[in-house]
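Each remark here refers to the structure printed beneath this line.
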Amino acid sequence: MTAAESAELAQRYDPRDVQEKWQARWAELDPFRASEDPADPRGRFYLVDMFPYPSGDLHMGHAEAYAIGDALARYEFLRGRNVLHPIGWDAFGLPAENAAIRNNSHPADWTYANIETQAASFRRYATSFDWSRRLATCDPSYYHWNQWLFLRFFERALAYRKDGYVNWCPVDQTVLANEQVIAGRCERCGAEVVRRMLNQWYFKITEYADRLLADAAQLEGCWPDRVLLMQRNWIGRSEGAEVDFMVESRDEPVTVFTTRPDTLYGATFFVVAADSPLAEQVCAPDRLAELRGYVEQVRKLTDIERQSTERDKTGVFLGRYAVNPVNGERIPVWAADYVLPDYGTGAIMAVPAHDQRDLDFARAYGLDVRVVVDTGQPDPAQTGVATAGDGTLVNSGPINGLAKSDAIAAITAILAEKGLGRAAVSYRLRDWLVSRQRFWGTPIPIIHCPSCGQVPVPDDQLPVVLPDLRGQDLVPRGVSPLAAAEDWVNVSCPRCGGAAKRDTDTMDTFVDSSWYMFRYCSVDYADGPFDPAEVRRWAPVDMYVGGVEHAILHLLYSRFFTKVLYDMGLLAFTEPFTRLINQGQVINGGKAMSKSLGNGVDLGEQIERFGVDAIRLTMIFASPPEDDIDWADMHPEAMVKFLGRTWRIAADVAAADADPGGAENRAGAPGDTELRRATHRTIDEVTRQVEAYHLNVAVARLMELVSATRKAIDAGPGAADPAVREAAEVLAVLLSLFAPYTAEECWELLGHKPSVARAAWPAADPALLARETVTCVVQVNGKVRDKLDVPPAITEAELRELALAAPGVVRTLGSQQVRRVIVRPPKLVSIVAA
RNA sequence: GCGGGCGUGGCGAAACGGCAUACGCGGCAGGUUUAGGUCCUGUUGGUGGCGACACCGUGGGGGUUCGAAUCCCCCCGCCCGCACCA
């Protein structure tokens with residue numbers, strides 16, 4: 001074949017044309033089905049991509065995430081592992097319900113239709129899923145086990161109801177977990193969240209705060225640092241002490257939590273959270289009206305206003321005094337909204353000299369400021385700047401003269417001894433609010449009986465299936481739409497048989513996603529959430545791929561669930577995901593894609609234009625997986641070109657094969673050594689880059705090999721050389737991680753059947769990796785002055801001599817004295833001269 | 001405010017403390033082509049020089065080192081998380 005003919009062919013290769021052909025073959029071959037044979041000798045690898053929400057077709061963000069996960073999964077397959085790479089859908093949730101309301105249809109119709117759309121798109125996208133394991137969380141066969149788990153949590157007192165201030169989204173008309181409130185706004189719809197006092201279901205994640213924190217250590221180096229950091233900050237452990245203060249006209253002491261018990265002698269007033277029940281309890285009767293007026297005012301503020309640090313401190317005096325347990329001093333009790341009702345004990349001792357918030361409050365209301373730690377900084381009462389640093393204790397009785405940290409220990413010991421306080425730990429983490437006043441979720445399997453209270457639905461009556469409600473109004477009104485299904489709601493109490501009502505709330509969808517990775521191991525298992533034997537075989541997940549937006553929410557909840565399941569004896573490990581990769585976002589023109597900006601890029605359109613392979617390759621080649629990709633800077637056409645070049649190499653080899661002369665040529669030696677070296681270096685490099693998740697660099701190495709092979713064909717030994725065939729075969733297998741269609745075409749052109757998915761990852765020949773000469777850089781005073789080609793095994797003495805004699809070195813040195821020579825054979829000599 | 005991360009060509013990005021800018025885009029030049037496109041080849045950090053070369057160069061400043069994009073300190077800029085958590 002002439003170069004012109006070959007170019008002509010390349011022009012004819014359009015990666016889009018081969019997609020249907022291979023989809024059909026893959027469907028038939030099912031090459032990525034995990035082996036269910038427990039005796040399968042291959043090492044196992046469990047890779048999970050965060051499952052999608054079926055809110056329409058796949059989008060650009062999915063295209064990146066699944067390209068990364070798929071490359072890693074295919075790598076493990078080709079390495080000979082028995083890989084489990086499943087897919088499912090996070091199928092409950094508000095968007096389905098809102099879409100149903102808009103279209104006057106049922107959430108299930110919308111959801112299942114979108115699932116089919118996405119499944120078809122996944123197949124087109126050539127993802128290497130084991131399709132026999134797909135799941136959808138809205139299937140009763142799935143949420144059955146949400147309910148079962150809920151009841152196990154309930155038995156262990158890890159699921160409980162309480163009154164509390166909750167985040168209420170006025171648009172979605174439902175409560176939200178703390179984790180779902182982003183900067184005071186609803187994570188889903190962006191509306192400003194307001195606080196409401198409601199009786200709701202919670203999961204007691206705070207009981208696991210310490211373990212969630214401690215076990216994060218074993219994820220170090222395996223999860224992105226920033227995710228671990230965010231989780232640590234979210235859990236927010238602080239060490240300090242509890243101190244009991246007596247308050248006039250009250251028998252029980254009021255306990256405060258403080259991280260600075262050393263400043264106890266500097267407490268000049270006492271503050272309770274205005275909207276906590278405690279405020280009314282300690283308030284003098286004649287001040288009650290004022291307190292209530294104040295609380296009313298505060299409640300009108302949105303969380304965003306309330307949390308603004310710019311806002312002036314406000315509060316009311318409650319007409320009572322608290323007694324400082326260490327010195328008997330009477331200090332006024334105030335109520336203020338800068339003290340939170342649900343952190344610590346909802347009350348604080350205020351030390352204005354050493355806490356900025358207390359100081360701001362003291363200055364607003366003319367309260368005393370007393371310095372008890374001498375930090376050498378100016379008087380806070382004068383400057384308005386609290387001094388929080390280290391220093392020496394003053395005005396503090398028995399702890400005078402101690403340094404801050406010693407004083408903390410000393411005063412804590414004194415308090416403990418007198419029974420007035422104790423060392424304590426507090427967490428920023430709150431319990432997980434799991435009930436939602438919406439329809440499209442898992443019904444909470446509890447029956448409320450007037451005489452028996454909260455009664456679990458018996459296991460053998462699970463699942464509690466959602467009532468149909470087809471054709472009924474699902475518009476949110478603050479009460480779950482399930483309440484309207486009277487036939488469904490009204491039941492007899494399983495315990496006493498009397499008239500009772502089902503709980504009408506549904507579970508937060510994050511419950512669904514907290515354990516789905518275990519369900520994948522046995523999607524049809526009917527005797528429990530998962531088959532323990534199967535989970536033992538596959539789990540924990542070796543590699544988890546998904547967006548950083550779940551750094552706290554889903555990833556913290558999953559870790560919590562795993563620990564509870566471990567405590568229940570259902571799992572043998574305590575962390576669900578051994579390794580985690582967060583891919584970046586796909587943005588456009590420097591901004592996240594959004595309808596309002598009109599900068600959305602449609603994945604389907606991109607695939608129509610460039611083909612799946614080019615889009616996958618563009619995603620992979622753009623940057624390291626964790627970086628954002630700005631689509632405006634991307635050039636998928638360059639990948640189309642690269643795919644054509646790669647394909648043409650295989651085509652040239654095939655053509656040379658067909659040429660009778662070619663066969664003779666191949667009969668002999670292994671072929672061109674230079675190209676063979678390049679091929680084996682590429683195998684070695686790509687293997688290492690993939691192992692390090694530097695997928696973009698792996699693609700760059702493939703591009704280099706394509707260029708080298710092209711040269712060998714056009715200006716070297718020609719397409720019939722066995723080294724060219726070897727290069728072409730290696731390219732096909734390596735490329736299959738990223739561009740499966742083109743890889744299949746090449747593999748087929750090279751005469752292989754039935755699929756490159758059945759090929760083996762090539763091994764680099766060490767003999768071909770060894771280099772005959774290496775380039776040695778010779779520096780003089782830190783600057784490169786010459787380069788030498790030397791054998792890799794050169795000795796230090798030989799290299800030193802060669803370097804000193806190198807022309808560039810001689811020229812630079814001139815009359816200078818050589819002071820020192822550092823020799824690092826075979827790559828570097830550094831000469832210090834003066 | 002607190003915590004963390006990142007600043008490398010015109011652009012996306014490479015670089016165990018050891019040749020800065022691999023690979024790709026874009027640009028320039030050439031070949032193929034009736035032309036354009038496709039395809040192929042070469043070239044492409046800045047300044048100076050015909051040139052071999054020289055000097056400068058990884059946000060800015062300082063330090064450690066024979067040697068720093070890489071390690072340390074300060075500053076500037078951008079991004080992310082938390083946000084009255086006592």
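Note on naming: letters A, B, ... go to the chains in the order of the sequence lines (proteins, then strands), and numbering restarts at 1 for each one.
More than 12 heavy atoms of other residues, nucleotides or ligands lie within 6.0 Å of CD in Glu626(A), so this atom counts as buried by the packing criterion. Heavy-atom neighbours of Gln817(A) CD from other residues, nucleotides or ligands within 6.0 Å: at or below the threshold of 12.
Evaluation of atom-type donor-acceptor distances gives no pair under 3.5 Å for the side chain of Gln356(A) against the base of rG1(B). Taking 3.5 Å as the limit, the base of rC39(B) and the side chain of Lys641(A) contain no donor-acceptor pair of atoms between them.
With hydrogens and angles left out, the side-chain atoms of Arg645(A) and Ser707(A) include a donor and acceptor closer than 3.5 Å. When only modelled atom types and interatomic distance are considered, Gln606(A) and Trp631(A) share a side-chain donor-acceptor pair under 3.5 Å.
Base contact: Arg701(A) has a heavy atom under 4.0 Å from a base atom. Here Gln779(A) lies in heavy-atom contact (under 4.0 Å) with a base. Met349(A) comes within 4.0 angstrom of nothing in the nucleic acid, heavy atoms only. Across all strands shown, Ile822(A) has heavy atoms under 4.0 Å from base atoms, whether or not it also approaches the sugar-phosphate. Note on Lys787(A): a base of the nucleic acid sits closer than 4.0 angstrom, heavy atoms only. Within the 4.0 angstrom heavy-atom criterion, no nucleotide atom of any strand lies near Arg232(A). No contact: Ser426(A) has no heavy atom under 4.0 Å from any strand. Heavy atoms of Asn696(A) sit under 4.0 angstrom from primed sugar atoms or phosphate atoms, though from no base atom.
A straight line from CZ of Phe738(A) to P of rG24(B) spans 16 Å, rounded to a whole angstrom. One interatomic measurement links the two molecules: CG of Leu228(A) to C1' of rG3(B), which rounds to 15 Å at whole-angstrom precision. Computed from coordinates, the Arg785(A) CZ to rG67(B) P distance equals 14 Å when rounded to whole Å.
The C1' atoms of rG9(B) and rG59(B) are separated by 15 Å, rounded to the nearest whole Å. The separation of rA35(B) from rG26(B), taken at their P atoms, amounts to 22 Å, rounded to a whole angstrom. Spacing of P atoms, rA52(B) relative to rU44(B), comes out at 12 Å, to the nearest Å. rG62(B) sits 30 Å from rA13(B) when the P atoms are compared, rounded to a whole Å. Nucleotides rG24(B) and rA15(B) place their P atoms 16 Å apart, quoted to the nearest Å. If you take atom P in rC74(B) and the same atom in rA86(B), they sit 25 Å apart, rounded to whole Å. One P atom belongs to rU21(B), the other to rA69(B), and the distance between them is 12 Å to the nearest Å. Annotation: rC55(B) and rG7(B) have their C1' atoms spaced 26 Å apart (nearest Å).
With rG81(B), rC40(B), rC19(B) as the choices, the nucleotide that has an atom nearest any side-chain atom of Met230(A) turns out to be rG81(B). When distances run from any side-chain atom of Arg428(A) to the nucleotides rC82(B), rC66(B), rC84(B), the shortest one goes to rC82(B). The Val784(A) side chain lies nearest to rA20(B) when the options are rA20(B), rU41(B), rC55(B). Minimum atom distance to the side chain of Ala638(A) is reached by rG24(B), of the listed rC19(B), rG24(B), rA54(B). Nearest to the side chain of Ser238(A), among rC66(B), rA86(B), rC40(B), sits rA86(B). You'll find that the side chain of Met639(A) is closest to rG24(B), out of rG3(B), rG24(B), rU41(B). Here rG4(B) is the nucleotide among rA13(B), rG4(B), rC84(B) with the atom lying nearest to any side-chain atom of Leu229(A). Nearest to the side-chain atoms of Met703(A) among the listed nucleotides rG42(B), rA22(B), rG24(B) stands rG24(B). With distances taken from any side-chain atom of Phe621(A) to the nucleotides rC23(B), rA86(B), rC66(B), the minimum falls on rC23(B). In this structure, of rC25(B), rA15(B), rA86(B), it is rC25(B) that holds the atom nearest to the side chain of His635(A).
In this structure the side chain of Phe270(A) never reaches within 4.5 angstrom of the side chain of Asn324(A), judged on heavy atoms. Looking only at side-chain heavy atoms (C-beta outward), Leu212(A) and Ile205(A) come within less than 4.5 Å of each other. Between Leu318(A) and Val316(A), some side-chain heavy-atom pair lies under the 4.5 Å cut-off.
Contact check on Arg299(A) versus Asp337(A) returns no salt bridge, with no Lys/Arg side-chain nitrogen under 4.0 Å from an Asp/Glu carboxylate oxygen.
Look at Lys783(A) and you'll find a side-chain N or O under 4.0 angstrom from OP1 or OP2 of rC56(B). The side chain of Arg820(A) contributes no N or O atom lying less than 4.0 Å from OP1 or OP2 of rG67(B).
For rG9(B), the O4'-C1' to base torsion is within 90° of 0; the nucleotide is therefore syn.
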